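Order of the sequence lines sets the chain letters (A, B, ...), proteins ahead of strands, with each chain counted from 1. Atoms considered below: every heavy atom in the structure, side chains included; atoms not considered: hydrogens, waters and symmetry mates. As the structure is a prediction and not an experimental result, all values here were calculated from the model.
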Number of protein chains: 2
Amino acid sequence: MKKNTKCPLRKSLRRILLYRGSLLRLQALGVNRFYSYTLGKETGVSAEQVRKDFSEYRIKGNQRGGYHVDQLISEMEHIFYKKGSQNIIVVGRGNIGSSLANYSNFIQRQINIVATFDIDPSKQRIRSEIPVYTMERLKEIIDRFAVRTAIVAVPEPAAQSVCDQLVEYGVGGIINFAPVILKVPDEVIINNINLSDEIESVIYCVSQACPEES
Amino acid sequence: MKKNTKCPLRKSLRRILLYRGSLLRLQALGVNRFYSYTLGKETGVSAEQVRKDFSEYRIKGNQRGGYHVDQLISEMEHIFYKKGSQNIIVVGRGNIGSSLANYSNFIQRQINIVATFDIDPSKQRIRSEIPVYTMERLKEIIDRFAVRTAIVAVPEPAAQSVCDQLVEYGVGGIINFAPVILKVPDEVIINNINLSDEIESVIYCVSQACPEES
DNA sequence: TAGTTATTGTTATATATTTCACAATATTTT
DNA sequence: AAAATATTGTGAAATATATAACAATAACTA
């Protein structure tokens, strides 16, 4: 394990998640054994990197025999879901919020959206499996479902204020889709996802004909 | 400039985009001068890093006087839009595709979605500024609008095949929202965005109480 | 069962990225 | 106009990340 002062993981964590996705697909395909280079090719990562990452997370294979898909997946579950499936909420039931509420891939990953919120009361009439509440019930729902992670998908002007409320009510991790860099206390984990930036970086690289990491 | 073998930029490019977003906001607020630490605080980046990044992109400030907001923005436009605004397309007019089609922030960034595509002909009845075509017209539109960058927002099983078509028709950069790692020739730029992974990495860090880079 | 082989796990090396430190300098002050 | 000051720009050091190299070894072969 590196002496990374901030955190014992980063890029490697992202890749572990990547590997898991790939392994779930391989599992669905009925594959039951794989090698570092198999997974590497599948995920676009070098075989050495795969082994290095596994080593960091204390994932052991079998010399000459590779790794077992099922076993690896359950080891990864163990790494990620010590505490069972996670209840999360989405604030903002606009386009992005609704996309997320309808996103079918979360179930497989044990990501459980328990509620969404919107200031606009008319949004509550949305027909969906996942309820839409007004902001008044934010604290209540966070408490009831022990929500520790939330997604911010409100328009830019409202984002910081929503974020502040979430932090106040005890949320420790935020994924933010509003095009602002949200300010949070040091102990709160924040993942700012800026769709324009994601697209623009590709546009730029295309115009320069230079590769971009995924 | 670093001797990065792959590409003369990466993290720094992302941050330049980040800075630009911040500066656009400062500009709207009427601010006209800033310092490396101002922008650093705004974006959550160290002041040294800001200066280092500027230096890499040959952006000059004024010793003791800092930088001019307007001037910097136009310098950045110059870096990113040598070739004017970019025409892009979105394949898949489901939830995510529609979110993107309605996303208002692209205009400001000169990202111009000229068309969206979907196999389902009923999707063409969607009322929106941006037209919805069936896949048959993909090549025609790519050619007509000189599209070099595309967004893939189709369900997982269709993603690779859509990607292959795009590459065949000359698209050089792809932003992929399907939860698969798309395989593309080396010269094609790909940015795989996996929403589950983005969320899970935060969930994991929260459960470990360790910080995560944005 | 001994020899061969393919693959892991890890140590060493190379590269990329960030932080630190400070000289250079434009602006402000007296 | 000289001195003081705040800020940039960058080279050097520290850290993080990726690649390469190979010894250890489980599985296979004869």
Chemist: For A:G65 and A:D53, find the nucleotide of DNA chain D closest to each by heavy atoms; which residue's nucleotide sits nearer the 5' end?
Modeler: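 On the 5' side of the pair lies A:D53.
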Chemist: Using only side-chain N and O atoms of A:Y57, determine if any of them is under 4.0 Å from OP1 or OP2 of C:dG9.
Modeler: no
Chemist: Of B:E48 and B:R64, whose nearest nucleotide on DNA chain C comes first from the 5' end?
Modeler: B:E48
Chemist: Check every strand shown and say whether B:R15 touches a base, only sugar-phosphate, or nothing at a heavy-atom separation below 4.0 Å.
Modeler: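 Touches sugar-phosphate only.
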Chemist: Examine the side chains of B:S22 and B:T43 and answer whether a donor and an acceptor come within less than 3.5 Å of each other.
Modeler: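 Judged by distance alone, the side chains do not pair up.
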Chemist: Rounded to the nearest angstrom, tell me the gap between atom CZ in A:R51 and atom P in D:dT25.
Modeler: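 Checked: the CZ to P distance equals 16 Å.
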Chemist: Out of D:dT10, D:dT8, C:dT8, which has the shortest distance to the side chain of A:S36?
Modeler: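 Nearest listed nucleotide: C:dT8.
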Chemist: If you check every side-chain atom of A:N62, which of D:dA18, C:dT7, D:dA27 has the closest atom?
Modeler: D:dA27
Chemist: Side chain of B:K52 only, please: which of C:dA12, D:dA12, D:dG9 is the nearest?
Modeler: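 Of all the options, the side chain of B:K52 is nearest to D:dA12.
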Chemist: Please report, rounded to the nearest Å, how far the P atom of C:dA16 is from the CZ atom of B:R14.
Modeler: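 To the nearest whole Å, that distance equals 18 Å.
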Chemist: Rounded to whole angstrom units, what separation is found between the NZ atom of B:K11 and the P atom of C:dT19?
Modeler: 10 Å
Chemist: Expressed in angstrom and rounded to an integer, what is the separation of B:Y67 atom OH from D:dG9 atom C1'?
Modeler: 8 Å
Chemist: Using atom CD of B:E56 as one end and atom C1' of D:dG11 as the other, report the distance to the nearest whole Å.
Modeler: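 It is 15 Å, rounded to the nearest whole Å.
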Chemist: Atom CZ of A:R10 and atom C1' of C:dT17: how far apart are they, to the nearest Å?
Modeler: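 Going from CZ in A:R10 over to C1' in C:dT17 covers 10 Å.
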Chemist: Tell me: CZ of B:F34 to P of D:dA6, nearest whole Å?
Modeler: 20 Å
Chemist: Between D:dG9 and B:S55, is there an OP1 or OP2 to side-chain N/O distance shorter than 4.0 Å?
Modeler: no
Chemist: Of the listed nucleotides (D:dG11, D:dC22, D:dT8), which one gets closest to any side-chain atom of B:Q63?
Modeler: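 The closest nucleotide is D:dT8.
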Chemist: May I have all residue pairs that pass side chain to side chain donor-acceptor pair (under 3.5 Å) and include part of residues 163-175 of chain A, sequence neighbours excluded?
Modeler: A:Q160-A:D164
Chemist: Could you give the CD1-to-P distance, from A:I59 to C:dT8, as a whole number of Å?
Modeler: 13 Å
Chemist: Can you tell me which nucleotide in D:dT8, C:dT10, D:dT19 comes closest to the side chain of B:Y35?
Modeler: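 So the side chain of B:Y35 is nearest to D:dT8.
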Chemist: Is a side-chain donor or acceptor of A:N191 paired with a backbone partner of B:E198 at a separation under 3.5 angstrom?
Modeler: yes
Chemist: Look at all strands and tell whether B:F54 reaches a base, only sugar-phosphate, or nothing, counting heavy atoms closer than 4.0 Å.
Modeler: nothing
Chemist: Nearest heavy-atom pair of B:A178 and B:A159: which atoms, and what distance?
Modeler: CB-CB, 3.6 Å
Chemist: Below 30° counts as parallel, above 60° as perpendicular, anything between as tilted: where do the rings of A:Y103 and A:F106 land?
Modeler: perpendicular
